[in-house]
Amino acid sequence: MDIRNGKAKVEERMQRIAAWWGRHKYVKYLVVIGFFVLVTFVFGDANIGRRIRYANRINSLKKELREVQEQYHQDSLRLEEIRANKQGIEHTARELYLMKRPEEIIFLIRDSSVRAD
């Protein structure tokens, strides 16, 4: 008698589930949509972690590009200064490369408050 009672309970549960599915037909669509979203954004090629890493990489590359463009602009101005007159060449050679004329002596003065590593 326990087997018949068990089958009746199973059938009753199945009827309840079928009735619930009948009343809530939209749930199966929500489950499918949820599964699609989960697979796409968590496990797929366009997952959220990759999107965040790519966005961070793009931002760092844009920052680096701005810095390089600024350096390029400064170098272009210096190049124009050098090309414009001979004094520009001499000024750049003396200031940046510590070049001197044969009869000159160069004294380097360092700030003692700045620590050299």
Side-chain angles (χ1 to χ4, degrees):
M1 187 135 154
D2 287 333
I3 295 175
R4 290 184 194 164
N5 216 4
K7 286 183 180 182
K9 286 182 179 181
V10 169
E11 287 179 15
E12 183 181 341
R13 285 184 190 153
M14 294 300 289
Q15 288 175 354
R16 284 184 188 171
I17 291 172
W20 188 86
W21 275 109
R23 287 190 308 261
H24 304 289
K25 293 183 181 186
Y26 62 91
V27 172
K28 54 186 157 188
Y29 300 111
L30 291 176
V31 168
V32 169
I33 291 170
F35 179 75
F36 174 74
V37 167
L38 182 72
V39 167
T40 302
F41 294 116
V42 176
F43 300 113
D45 288 337
N47 69 36
I48 295 170
R50 284 186 185 165
R51 285 182 177 265
I52 291 171
R53 284 193 303 270
Y54 291 158
N56 289 339
R57 179 73 173 142
I58 288 169
N59 288 337
S60 68
L61 289 173
K62 283 181 180 179
K63 180 181 176 185
E64 184 179 338
L65 179 63
R66 283 192 302 271
E67 292 171 358
V68 168
Q69 286 175 339
E70 178 63 30
Q71 184 65 39
Y72 175 78
H73 179 67
Q74 291 174 358
D75 291 344
S76 296
L77 290 176
R78 185 172 294 270
L79 183 60
E80 283 299 317
E81 177 186 333
I82 290 171
R83 287 181 179 164
N85 58 9
K86 189 173 181 174
Q87 292 173 349
I89 295 173
E90 184 176 347
H91 174 71
T92 302
R94 288 173 177 273
E95 188 176 291
L96 293 180
Y97 302 111
L98 302 175
M99 294 183 158
K100 64 179 188 81
R101 291 188 180 136
E103 67 274 0
E104 291 181 332
I105 297 174
I106 296 178
F107 293 97
L108 294 177
I109 301 173
R110 297 190 190 264
D111 189 2
S112 62
S113 64
V114 177
R115 182 179 167 202
D117 289 328

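Keep in mind it's a predicted model, so treat the numbers as computed, not measured. Throughout, residue positions are numbered sequentially from 1 according to the sequence presented.
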Calculate, to the nearest 0.5 Å, the distance between atoms [atom1] and [atom2] belonging to [X] and [Y] respectively.
X: Arg16; Y: Met14; atom1: CZ; atom2: CE; value: 13.0 Å
X: Leu38; Y: Ile33; atom1: CG; atom2: CD1; value: 13.5 Å
X: Asn59; Y: Lys62; atom1: CG; atom2: NZ; value: 6.5 Å

Worksheet entry | Minimum heavy-atom distance Val42-Asn47, with the two atoms named |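 Heavy atoms of Val42 and Asn47 come nearest at O-CB, 3.5 Å.
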Item to complete: For side chain to side chain contact (heavy atoms under 4.5 Å, CB included), just list the numbers for Lys28 and Val32, CA-CA rounded to whole Å, side-chain angles, deciding distance to a tenth of an Å, and then say yes or no.
Response: CA-CA 6 Å; Lys28 54 186 157 188; Val32 169; 5.6 Å; no
Worksheet item: Should we say atom CD of Glu64 is surrounded by more than 12 heavy atoms from elsewhere, each under 6.0 Å from it?
Response: no
Worksheet entry | NE2 (His24) with more than 12 external heavy atoms under 6.0 Å | yes
Fill in: Salt bridge flag under 4.0 Å for residues Glu11 and Lys7
no
Fill in: For Gln74, side-chain contact (heavy atoms from CB on, under 4.5 Å) partners two or more places apart
Glu70, Gln71
Worksheet item: Is Glu80 close to Arg83 at the side-chain level, that is, under 4.5 Å between some pair of heavy atoms?
Response: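 Arg83 reaches Glu80 side chain to side chain.
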Worksheet item: Linking Ile, Leu, Val, Met, Phe, Trp and Tyr through side-chain heavy atoms less than 4.5 Å apart, which residues share a cluster with Leu30?
Response: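 Members alongside Leu30: Ile17, Trp20, Trp21, Tyr26, Val27, Val31.
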Worksheet item: Linking I/L/V/M/F/W/Y whenever their side-chain heavy atoms sit closer than 4.5 Å, directly or via other members, would Tyr54 and Phe43 fall into one cluster?
Response: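 Cluster IDs for Tyr54 and Phe43 differ.
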